[in-house]
Structures are given as C-alpha cells and as structure tokens.
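Nothing here was measured: the structure is a model prediction, and the numbers come from that model. Just so it is clear: chains get the letters A, B, ... in the order the sequence lines come, proteins before strands, and each one is counted from 1.
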Amino acid sequence: MAKVLVYIDTPGDNLHKTDRELLTLAGRLGDPVVALFGELTGGVTAELGAYGAGIVYQPSTGGLEELLVAGKAAFLAAAAVDADADAVLLGNTFEAKEIAARAGIRLSSGVITDAIAVGNDFTATKSVFAGSYGVNAAVTTGRPIITVKANSVEIETPQGGSPPEIVPVQVEVPSAAARITGRSQKAASGRPSLDEARVVVSGGRGVDGNFGPVEDLADALGGAVGASRAATDAGWIDHSAQVGQTGKTVSPQLYISAGISGAIQQKAGMQTAKVIVAVNKDPDAPVFEIADFGIIGDLATVLPQATEEIRKRKS
Amino acid sequence: MDEANPGLNIAVLVKHVPDTQFDRHLDGDHYTTERSESILSELDEYALEAALQLVEAQGGDGHRVTAVTMGPTAAVNAVKKALQIGAHEGVHLNDDALAGSDASGTSRALAAVVRHLGEIDLVITGMASTDGETSLVPAQLAELLELPQVTFASSLELTDDDGGRRLTARRESDNVAETVESALPAVVSVTDQINEPRYPNFKGIMAAKKKPITTLSLADIGLDASEVGLTGAWTRVEQAQPRPPRSQGVVITDEGDAGRRLVDFLAEQKLL
Ligand SMILES: Cc1cc2nc3c(=O)[nH]c(=O)nc-3n(C[C@H](O)[C@H](O)[C@H](O)COP(=O)(O)OP(=O)(O)OC[C@H]3O[C@@H](n4cnc5c(N)ncnc54)[C@H](O)[C@@H]3O)c2cc1C
Ligand SMILES: Nc1ncnc2c1ncn2[C@@H]1O[C@H](COP(=O)(O)O)[C@@H](O)[C@H]1O
C-alpha cells in the first residue's frame with residue numbers, strides 16, 4: 001500500500017475539518033501517516049488513531065515556528081524522507097501552498113495546488129483560469145505533493161483504530177529565514193470559515209457600509225460571510241472575508257451575492273459554486289449572467305425578507 | 001551614492017500573462033497557455049510599485065530597480081511596461097527551451113537570472129501570477145536562492161540597523177496578522193493590499209525608450225536546458241477540458257415578495 005503523508009498544522013484541541021478531509025482522502029489512497037507541526041493534544045492523538053494514522057512525525061527541534069515558512073517546510077521534507085512517503089497531502093491555504101512549494105524543491109518533487117480530487121495514481125483534478133477549464137495534472141518527478149481545496153472530500157467517520165506511534169524527526173534549522181516577531185489574533189466571528197462553509201453570503205459595494213442584512217441571512221442559513229474587494233477596501237469588513245482572485249476561492253453548495261456587480265476578479269473566486277443567487281439593483285449587472293436565480297431589487301429589503309421567511313419556516 | 005546609504009538594488013519579477021478580460025485558452029499537445037492577448041500581470045504592478053516606493057523612501061540616488069521577465073519574445077512587453085512605470089532597466093530571459101516550464105522550472109530559471117544579476121538586495125514578486133495562480137514561485141525562489149522568504153506582505157518597510165538594512169513586513173491570514181522581520185537580501189512577495197500602483201505618464205513612456213533591456217539565453221545564465229521546459233518539468237497536465245460556461249438561470253424583478261420567492265427557490269433546491 002502507498003504511504004500517504006498528511007501535513008497537519010497546529011490543530012489545537014481538535015482536528016480541523018480540512019485535516020479530517022485530508023485523512024479521509026489519504027485512507028482511500030493508501031496508509032495514512034501524519035507530519036504534525038505544533039502541539040499534539042490527547043484528543044488529536046485519539047482522532048488521528050481513529051483515522052488509521054499509523055505514525056505521527058513531529059519535529060524534535062524547537063524554534064522552527066518563528067521562521068516564516070522555511071522551518072515548517074524543512075520539517076515536512078524531513079518527515080517525508082523519514083516516512084519514505086509515496087505522496088504528501090496538504091491543505092490549500094496560502095501558507096500550506098508555500099510549505100508545499102519549498103518541500104517540493106527540497107525533495108525534488110513536483111507540486112500540484114488547488115486539487116479538488118486525487119486519483120489512485122495521485123493524478124489531481126483542478127480548475128484553472130477562474131474555473132473556466134478543468135485540468136488533470138500528474139506529478140512526474142519525485143513524491144507527488146498535492147494541496148487539496150477544502151470541501152473536496154466527503155469525510156468518513158473514522159472506525160476505531162489504535163493510537164499512533166509518535167516519531168521525532170531531526171530537522172536542520174534553516175539559517176536563511178525571516179522571523180515572525182509579532183502575532184495578533186483576529187476576533188473570531190463564530191461563523192463557519194469561508195473555505196469550509198456550505199453556504200456563503202457575500203456583500204459588495206451595494207451594502208453601503210451596512211453588512212447587517214448580509215450577516216443576518218448568513219446566520220439564518222448557517223453560512224459564512226464573504227465580500228467583494230470594494231467592500232473590504234472600504235473597511236466595512238475584514239480583508240479575510242474577500243472572495244475572488246486575490247481573496248478566497250470558494251466552492252460552496254450555495255453562494256448568495258448581494259450588491260456585487262460580478263467583475264471577473266470576483267467571479268474567479270466563486271463561479272464554481274454549485275448554486276449561485278444574485279441580488280442586484282441593476283438589471284445589467286454581469287453577475288446575472290452566471291446566476292441560477294437572480295433578483296433585480298434592493299438588497300436592503302430583499303435580504304431581510306428572506307431571512308425572516310427562513311426563520312419562520314424553520315420554527 | 002554615499003557610504004551610509006549605498007544604492008538599493010531590487011529585482012522585480014514581472015510576468016507576461018493572458019489578459020483576464022478576454023477568454024483564456026490552453027493549447028496544443030501539452031496544454032500550454034495561449035498568450036496572444038497578453039499584458040503585464042496586474043498583480044506584478046503591486047510588486048513594481050512596492051519597489052519604487054522603497055527606493056523613493058530611501059532618498060538619494062544610485063538605486064536600481066530591474067524588471068525581470070521570463071517568457072517568449074512578446075514577454076518583453078511586460079518589461080517595457082515596467083520601464084514606462086518607472087523601473088530603471090529590464091532583463092528578458094528568452095529561450096525556446098523554456099516553453100512548457102512548470103513552477104519548479106520557472107523558479108530554477110528565475111533563480112539563475114537573479115544569481116546572474118549579482119548584488120541584489122531584494123527580489124520582489126507579485127502574490128500570484130494571474131494565469132497559473134499557484135503562488136509557488138516566490139517560495140521556491142527563496143528555497144533555491146537560500147534567502148529569507150517574506151511573502152504575502154501587505155506592508156513593507158526598510159529600516160537601518162547597525163549591521164545594515166532590515167526589512168519589516170506585515171502578513172495577514174484568516175485569523176492572525178503577523179509582523180515579519182528579515183535581513184537583506186530577501187525574497188519578497190506582495191499582495192494587492194500593499195499599495196495603489198501608479199500609471200505610466202507621458203514622461204515615463206518617453207524615458208522608457210532610452211532604458212536598457214538585456215536579453216539573456218539559458219547559456220548566458222549557465223542553466224542547462226534539461227532543467228527547464230517540458231523536459232525539466234516535475235508536473236504534467238494530462239488533460240484539459242473547457243468548462244461549459246454557466247448558463248443564466250431565472251431572473252425576477254422584485255415586486256415586494258422577492259425575499260420569499262428566494263426562499264421558495266432555496267427550498268426547491270433543497271438548500272434550506
Ligand atoms: C488586481 C486586482 C485584484 C482584484 N481582486 C478582487 C477580488 O479578489 N475580489 C473582488 O471581489 N474584487 C477584486 N477586484 C476588484 C474588482 O475588479 C471589482 O472592482 C470589485 O469586485 C467590485 O466590487 P463590487 O461588485 O462590490 O462593487 P461595484 O462594481 O461598484 O458594484 C456594486 C454593485 O452593487 C449594486 N447595488 C448598489 N446598491 C444596491 C442595493 N441597495 N441593492 C442591490 N444592489 C445594489 C450595483 O448595481 C452594483 O452592481 C480586483 C481588482 C484588481 C485590479
Ligand atoms: N515567467 C515569469 N517571469 C517573471 N516573473 C514570474 C514568472 N512566473 C512567475 N513570476 C513571478 O512569481 C510570482 C508568482 O507567480 P506564480 O507562482 O506563478 O503564481 C508572479 O507574481 C511573478 O512576480
């Protein structure tokens with residue numbers, strides 16, 4: 001069986017949804033083993049065992065965390081060699097892609113990003129050009145290193161399994177690295193994260209400073225809140241909510257676009273959503289060209305009415 | 001140029017990419033990008049602007065911003081645009097053997113160009129190329145050049161330390177904002193949050209005509225052709241299908257009940 005190394009970064013008390021997706025995928029492709037950066041808690045150890053991870057590799061060297069990307073990449077590459085991994089899977093955040101990039105050079109291995117599916121031969125499916133092409137790509141040299149987009153794998157509930165063996169990995173601390181000298185945590189919204197959410201409600205310039213109607217609808221649907229760059233640039237909402245070419249790429253079951261014109265850079269981040277709903281005052285807004293259900297109207301009245309109706313039907 | 005403030009040497013990597021405003025295509029046996037309607041990658045304009053602002057903040061003269069591109073003959077247009085905007089000189093790596101390079105091959109080639117340029121304080125790139133969108137190149141360059149990586153910077157500042165210049169950057173992810181510090185030289189990538197890129201003006205367009213552009217081949221930078229192009233690629237696109245464009249669905253005009261009709265639609269689609 002192929003040995004598939006899953007990279008997990010700072011899980012905290014529980015695995016993240018994307019970690020569970022990667023472990024499920026690794027279990028389908030072969031025997032999962034884990035390269036874990038950060039603290040390994042009891043809960044996470046048990047869960048890793050349940051997902052069938054035989055071995056958990058951890059750096060035996062301290063001080064890697066302060067070295068931007070370089071430290072984590074050196075650890076992952078060393079773990080892949082120690083494990084003699086046939087393939088490496090990571091999440092698809094900006095940082096995970098960078099870790100994959102550097103590990104790729106260290107391991108002389110090809111890297112494929114943004115995968116939405118991985119086949120038994122480790123060929124990956126992804127979309128390019130803002131979702132206008134579907135592509136199958138293969139790694140031809142080294143151990144395939146693949147970063148997998150969130151929401152690509154149906155998580156299988158793990159079946160028992162014994163606790164994994166914990167193996168320390170010697171890592172040579174990279175000498176040329178930038179240092180992280182400060183960290184400030186952003187306030188948590190309590191909503192699902194944009195990458196993982198099944199429903200995303202996004203607001204644009206049309207919300208005119210008030211994200212209330214967008215947030216209320218998102219909450220009624222149990223979804224995440226997104227935004228266009230016009231809205232994040234205006235400072236109405238944190239930049240991390242931006243959907244599009246230079247923000248998040250999301251592929252939820254449902255994307256509701258409110259007060260967003262639908263510029264190409266916005267479409268790049270959302271047009272692979274299963275169902276798209278658009279609310280816009282302007283009948284000529286390009287977003288209607290890709291919407292499954294479009295409403296020409298004022299979001300300030302349409303959204304609250306929808307929210308109220310959902311609450312009514314749910315109660 | 002004076003001792004205390006030696007000239008700052010910055011290489012800005014600019015890519016010539018298909019214009020996102022037009023339909024884009026993958027072509028030929030190896031599904032490479034069709035590049036007829038191409039421009040300087042929008043995201044690399046932020047990298048150039050960051051370089052120009054760093055130089056301006058230093059004051060004095062003797063600074064040098066070199067725009068570097070790798071690509072076929074037409075790619076020199078990305079360099080020309082950068083010269084019009086304000087870069088001082090251009091370098092174009094152009095070699096038939098480069099066609100079909102993947103991220104690793106591109107990184108090896110660009111790393112060899114940077115080494116060839118000699119004394120460089122900063123290599124600045126965009127956050128992603130608007131065609132490949134992998135964001136792999138900056139991190140791979142740092143690994144290959146054995147330089148500190150300061151990527152996805154949304155602000156940049158150079159300070160003077162006893163030991164020389166130091167770089168401070170801000171880097172943001174979903175739930176945390178980081179402050180990052182590095183010695184020079186370093187590889188930097190910047191996001192579209194960092195600045196507002198300037199446009200070329202008439203003076204800049206005229207001045208650009210006199211700025212030097214050096215064309216380099218693989219032999220010039222001492223890189224073997226087997227390291228790049230399709231032969232040097234570590235990944236391969238096996239298949240590419242254009243996705244049928246999304247078709248337009250139903251569009252209604254709000255007559256006072258559109259919110260409820262939206263919920264009807266969601267219920268029909270089993271999305272509630
Ligand atoms: C390099 C680069 C990268 C970019 N990256 C991104 C990106 O990642 N994501 C992104 O989104 N953009 C991005 N952009 C910006 C993009 O080009 C557009 O400018 C932006 O998406 C516009 O945002 P908007 O639709 O909210 O604003 P606008 O284009 O101003 O549209 C606002 C819309 O709201 C409608 N409206 C107004 N009031 C109401 C109301 N009361 N009810 C209903 N509708 C109303 C209007 O009819 C209009 O259609 C990028 C641009 C560049 C150059
Ligand atoms: N062929 C190229 N020529 C010059 N710069 C490039 C090239 N490819 C990538 N880059 C640089 O690397 C950055 C990230 O590109 P990518 O990793 O392809 O998403 C771009 O914004 C450019 O600054």
Determine which residues belonging to residues 182-197 of chain B lie within contact range of chain A, meaning some heavy atom pair is under 4.5 Å apart, and list them by number or answer 'none'. B:Ser182, B:Asp192, B:Gln193
Side chains of [X] and [Y] in contact at under 4.5 Å (non-hydrogen atoms):
X        : Y        : answer
B:Ile252 : A:Ile296 : no
B:Thr134 : A:Lys97  : no
B:Leu266 : A:Leu221 : yes
A:Ile180 : B:Arg171 : no
A:Asp292 : B:Arg246 : yes
A:Thr113 : B:Leu136 : yes
B:Arg260 : A:Glu308 : no
B:Val237 : A:Asn136 : no

Output the distance between atom [atom1] ([X]) and atom [atom2] ([Y]), rounded to the nearest 0.5 Å.
X        : Y        : atom1 : atom2 : result
A:Asp121 : B:Glu238 : CG    : CD    : 7.5 Å
B:Gln239 : A:Thr123 : CD    : OG1   : 9.5 Å
B:Gln140 : A:Ile105 : CD    : CD1   : 4.0 Å
B:Trp234 : A:Ser109 : CH2   : OG    : 7.0 Å

Top of [options] for chain B proximity - count of heavy-atom pairs under 4.5 angstrom:
options                                : result
A:Gln253, A:Arg106, A:Arg198           : A:Arg106
A:Ala73, A:Ser184, A:Ser175, A:Gly297  : A:Ser184
A:Ser240, A:Ala178, A:Ala137           : A:Ala178
A:Lys248, A:Lys314, A:Arg179, A:Gln242 : A:Arg179
A:Ser193, A:Gly104, A:Gly294, A:Gly110 : A:Gly294
A:Thr181, A:Ile290, A:Val139           : A:Thr181

Should we count CD of A:Gln185 as having more than 12 external heavy atoms under 6.0 Å? yes
With the threshold set at 4.0 Å, does a side-chain nitrogen-carboxylate oxygen contact exist between [X] and [Y]?
X        : Y        : value
A:Arg183 : B:Glu178 : yes
A:Lys281 : B:Asp254 : no
A:Lys186 : B:Glu172 : yes
B:Arg261 : A:Glu309 : no

Flag the one option from [options] with the top tally of heavy-atom pairs under 4.5 Å to chain A.
options                                : result
B:Gln149, B:Glu255, B:Glu146           : B:Gln149
B:Thr179, B:Leu144, B:Thr168, B:Leu147 : B:Thr179
B:Ala142, B:Pro245, B:Ser107           : B:Ala142
B:Asp264, B:Leu272, B:Leu167           : B:Asp264

Chain B heavy atoms under 4.5 Å from A:Ala138: which part of the residue, side chain, backbone, both or neither?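 Both parts, backbone and side chain.
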Using non-hydrogen atoms and a 4.5 Å limit, figure out which bit of A:Leu67 sits close to chain B: side chain, backbone, both or neither. neither
Before you tell me yes or no, could you show the steps for B:Asp174 and A:Thr93 under side-chain contact (heavy atoms from CB on, under 4.5 Å), namely the whole-Å CA-CA distance, both residues' side-chain angles and the distance that decides it to 0.1 Å? CA-CA 9 Å; B:Asp174 279 0; A:Thr93 60; 5.8 Å; no
Ignoring hydrogens and angles, state whether a donor on the side chain of A:Glu98 or B:Thr151 is under 3.5 Å from an acceptor on the partner side chain.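 Yes, B:Thr151 and A:Glu98 have a side-chain donor paired with an acceptor closer than 3.5 Å.
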Between [X] and chain A, with a heavy-atom cut-off of 4.5 Å, which part of the residue counts as in contact: side chain, backbone, both or neither?
X        : result
B:Ala103 : neither
B:Leu262 : both
B:Leu43  : side chain

To check you understand the geometry: which heavy-atom pair defines the closest contact between [X] and [Y], and what is its length?
X        : Y        : answer
A:Arg313 : B:Ala267 : NH1-CB, 4.0 Å
A:Tyr133 : B:Ala240 : CD2-CB, 4.2 Å
B:Gly256 : A:Gln305 : O-NE2, 2.9 Å

Assign the ring pair B:Phe152 / A:Phe94 to parallel, tilted or perpendicular, where the plane angle (0 to 90°) is split at 30° and 60°. tilted
